[in-house]
There are 4 protein chains.
Amino acid sequence: MSDKFLYRRALRFAETDMAGVGHFAAILTMVEEAWHAYLADLGECVHPACAPPGADPVGWPVASLQVDFLHPVHFGEHLAILLEVARVGSRSVTLRFTIKGPAAAIAQGSITTVCTTLAGSGQWSPRPLPSSLAGKLSGK
Amino acid sequence: MSDKFLYRRALRFAETDMAGVGHFAAILTMVEEAWHAYLADLGECVHPACAPPGADPVGWPVASLQVDFLHPVHFGEHLAILLEVARVGSRSVTLRFTIKGPAAAIAQGSITTVCTTLAGSGQWSPRPLPSSLAGKLSGK
Amino acid sequence: MSDKFLYRRALRFAETDMAGVGHFAAILTMVEEAWHAYLADLGECVHPACAPPGADPVGWPVASLQVDFLHPVHFGEHLAILLEVARVGSRSVTLRFTIKGPAAAIAQGSITTVCTTLAGSGQWSPRPLPSSLAGKLSGK
Amino acid sequence: MSDKFLYRRALRFAETDMAGVGHFAAILTMVEEAWHAYLADLGECVHPACAPPGADPVGWPVASLQVDFLHPVHFGEHLAILLEVARVGSRSVTLRFTIKGPAAAIAQGSITTVCTTLAGSGQWSPRPLPSSLAGKLSGK
């Protein structure tokens, strides 16, 4: 049970742009990647990847985010993405994130993702968080 | 009815890498983008985007490709992606492509995509080309 | 001279994810793409792409952004990205953006980019906005 | 000294498309990523990331590739990318690759990358392989 999660990986070549540094959209994608790793670490399933047969698929689209980019990051540099649970809503989770590079913080901000499921209409709709998840994210 | 198609667009900033040129995977993605534009131009539907209600969705995954990169391409440069139908199979289409930049050819190669549909199992499976499409791609 | 800019394009297949909708990072990349198109429309150069010989390259990294995603967007849907100048700083520009889809607003937020140049050290450093640009963005 | 290299990682959410599987360009980017990991494993530097002060930067653009996609890959599935040296040229390296998923091979093909350096003109030009690398890649 934890309300913090640390995810590590290096910046890849394809994530750089012609300014020689990590592109902002690639850096934000890492935050989503860290969130998915956090969910997996808590034993939660993202999308049909690990859903039990017959269970409705669960998705976590980004509803909002805010970020400040503090320092450029270069190809091959190792990053630590720290997630902290800021708010557990009935149908959404807000995380604060800090991305640390080898020498300094790269970026910090917050992101809210919504728990959704695929309705019969073929559209994703918000649904309550799995009850087990709410407790885990509250550090209980 | 045509067995050639020309698609134009400029290289975007996010498609460059730290070498200051277009990343190879972004360039290949443009070929797929051109193929989807070609299909739309022929009145064919890609995925549920424009499928009539009740029709099975159709997808065109890449089955194989071969490419030679001839010249780098830079941010903002205008590209012309020329597709030529090389082979119309019962369930696949092979296109030759040439990507031309402002001064020289950037890349050339061929790509084979397979006509698929979403089966009841939730898996995509090959299916025969829509009959109207086969004729159009043959230039008839 | 204008303090608004409208940029249009459709969502591409490669920008979707397995939830069947445009991925949030691809949508944010469109905002940068619109900003680059706005700069070009104002006669400003982004990166060496169009810099006069001998001029220092100018880059516009994202310093911060805030966004709310309001509605999903699907493959092939036509989007209108409206940029409005919110603040012209000495070394940065803040834009409000709204992305409109066929039926509803997809996303809205704000983004701040910093005017930088490549110093002798090989590092990008903030520099004052080109004086011509400041006036144009102020609608003067 | 080895002429084979194995690189592992899982498919990420942002690498899927609306067909629910890994997008072909994302899968090809993994091959480049594996090659960069191989170079690092051999003690070679890619781009300025780890170049000694004063050394010319070295880049490895893709010159050509050929690939067959054999099986779809899904979000979260663990992949093994096996590289085998097929040819060590004076200025290029050709690798055969096989990407294995949990149940079957996902893709196989070959890729040729060229050793380049940044000339005074600001353009990347082919250069001979570092002599140490040629030997290592030949399994000597």
Side-chain angles (χ1 to χ4, degrees), chain A residues 14-33 35-36 46-51 56-74 92 94 103 106-119 121-126, chain C residues 14-33 35-36 46-49 51 56-74 92 94 103-104 106-119 121-126:
Chain A
E15 295 173 329
T16 63
D17 60 38
M18 65 184 286
V21 299
H23 189 258
F24 83 95
I27 293 169
L28 292 176
T29 299
M30 285 182 207
V31 176
E32 182 187 54
E33 193 180 323
W35 169 228
H36 288 168
V46 180
H47 280 281
C50 56
D56 289 330
V58 175
W60 292 93
V62 177
S64 64
L65 70 83
Q66 173 276 322
V67 60
D68 292 302
F69 294 98
L70 307 171
H71 210 265
V73 54
H74 302 91
S92 67
T94 299
I106 298 306
Q108 59 189 20
S110 66
I111 188 168
T112 298
T113 65
V114 178
C115 189
T116 61
T117 193
L118 198 55
S121 64
Q123 299 292 314
W124 292 88
S125 307
Chain C
E15 294 172 328
T16 62
D17 61 37
M18 66 185 285
V21 298
H23 189 259
F24 83 95
I27 293 169
L28 292 175
T29 299
M30 284 182 209
V31 177
E32 181 187 56
E33 194 182 321
W35 169 228
H36 288 166
V46 180
H47 280 284
D56 289 331
V58 174
W60 292 93
V62 177
S64 64
L65 71 83
Q66 173 276 321
V67 61
D68 292 302
F69 294 99
L70 306 172
H71 209 264
V73 54
H74 302 91
S92 68
T94 300
I106 298 306
Q108 59 190 20
S110 65
I111 187 168
T112 298
T113 65
V114 178
C115 189
T116 62
T117 193
L118 199 55
S121 64
Q123 300 292 315
W124 292 89
S125 307

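A, B, ... follow the sequence lines: proteins, then strands. Residue 1 opens every chain. Here the structure is a predicted model, which means the values were calculated and not measured.
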**Prompt:** Which residues pass the salt bridge (charged side-chain N to carboxylate O under 4.0 Å, His left out) test with E15(C), sequence neighbours left out?
**Reply:** R9(C), R12(C)
**Prompt:** Could you give the distance from CD (Q66(C)) to OG (S110(A)), rounded to the nearest 0.5 Å?
**Reply:** 9.5 Å
**Asked** If you take all heavy atoms of V62(C) and F24(A), which pair is closest and at what distance?
**Response** CG2-CD2, 3.5 Å
**Complete:** Residue from L70(A), V67(A), V21(A), T112(A) scoring the most non-hydrogen pairs under 4.5 Å with chain C is V67(A)
**Message:** Which one wins on heavy-atom pair count under 4.5 Å against chain C: A63(A), A25(A), G20(A)?
**Reply:** A63(A)
